[in-house]
Amino acid sequence: MNEYEAIYAAVKRIPRGRVCTYGGVAALAGLPGRARMVGYALFALPEGTRVPWHRVINAQGKLSLERVVPGGGLQQRFRLEREGVEFDAGGRVSLARYGWKSTEY
DNA sequence: CCACTGACGAGTG
DNA sequence: GCACTCGCCAGTG
């Protein structure tokens with residue numbers, strides 16, 4: 001299994017209605033400290049690959065997709081809200097409430 | 001081989 | 001809470 005697949009597998013473990021940080025996904029994938037690799041892998045995510053990528057956000061509770069394509073974060077936000085994840089006035093997610101840890105579930 | 005870039009994180013001011 | 005810097009490492013030219 002290459003590192004990308006390991007990352008995808010880690011993302012698939014995130015329960016519905018929860019979110020995980022890039023660093024968290026990296027750790028689950030066995031790539032501690034390689035948060036950027038997670039972002040790189042998700043950027044190169046082939047369409048058709050069933051991965052809940054929208055549940056992956058940065059440590060600040062923001063949607064990083066917005067950095068790449070302004071406006072693209074709306075789609076991610078909609079998907080999360082549809083799962084019951086709430087956003088604050090700043091458009092950020094409370095990791096204290098929705099952050100997922102591998103020890104749970 | 002080198003320089004630069006990037007869905008990031010942690011530390012600093 | 002925000003802006004900046006540095007460390008991280010695969011891709012790209």
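Convention: sequence-line order gives letters A, B, ...; per-chain numbering from 1.
- Rounded to a whole angstrom, the distance from the C1' atom of C/dG13 to that of B/dA7 is 23 Å.
- Of the listed nucleotides (B/dG6, B/dG9, B/dC8), B/dG9 has the atom at the smallest distance from the side chain of A/Thr21.
- Sequence order on DNA chain C of the closest nucleotides to A/Gly33 and A/Tyr40 puts A/Gly33 first from the 5' end.
- When the side-chain nitrogen and oxygen atoms of A/Arg92 are compared with OP1 and OP2 of C/dG1, one or more of them lie within a distance under 4.0 Å.
- With rounding to whole Å, A/Tyr4 atom OH is found 14 Å from C/dC9 atom P.
- Whole-Å rounding puts the A/Arg36 CZ to B/dC4 P distance at 15 Å.
- When side chains are defined from C-beta on, A/Ile57 does not count as touching A/Lys62, because their heavy atoms never get closer than 4.5 Å.
- Checked against A/Arg55 for a side chain to side chain contact (heavy atoms under 4.5 Å, CB included), the options A/Leu80, A/Val11, A/Val93 give a single hit: A/Leu80.
- With distances taken from any side-chain atom of A/Ser64 to the nucleotides C/dC9, B/dG9, B/dC8, the minimum falls on B/dC8.
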Under the criterion side-chain contact (heavy atoms from CB on, under 4.5 Å), I'd like the reasoning laid out for A/Arg18 against A/Glu104: C-alpha separation, chi angles, the key distance, then a yes or no.
CA-CA 11 Å; A/Arg18 291 299 199 89; A/Glu104 300 178 28; 3.1 Å; yes

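- One distance of note links OG1 of A/Thr21 with CH2 of A/Trp100; it measures 11.0 Å at 0.5 Å rounding.
- Taking atom CG on A/Leu31 and atom P on B/dG9, their separation rounds to 14 Å, with Å as the unit.
- Within the 4.0 angstrom heavy-atom criterion, only backbone atoms of the sugar-phosphate kind lie near A/Arg34; the bases stay farther away.
- Note that CE of A/Met37 is 9.0 Å distant from CG of A/Leu31, once rounded to the nearest 0.5 Å.
- Taking side-chain N and O atoms only, A/Arg67 has no distance below 4.0 Å to OP1 or OP2 of B/dT5.
- A/Asn58 places its CG atom 6 Å from the P atom of B/dC8, with the value rounded to the nearest Å.
- Atoms CD1 (A/Ile7) and C1' (C/dC8) sit 13 Å apart, rounded to a whole Å.
- One can place NZ of A/Lys62 at 14 Å from C1' of B/dG9, the figure rounded to the nearest angstrom.
- Between A/Phe43 atom CZ and C/dG11 atom P the separation is 14 Å, expressed in whole Å.
- As rounded to whole Å, 21 Å separates atom P of B/dA7 from atom CZ of A/Arg77.
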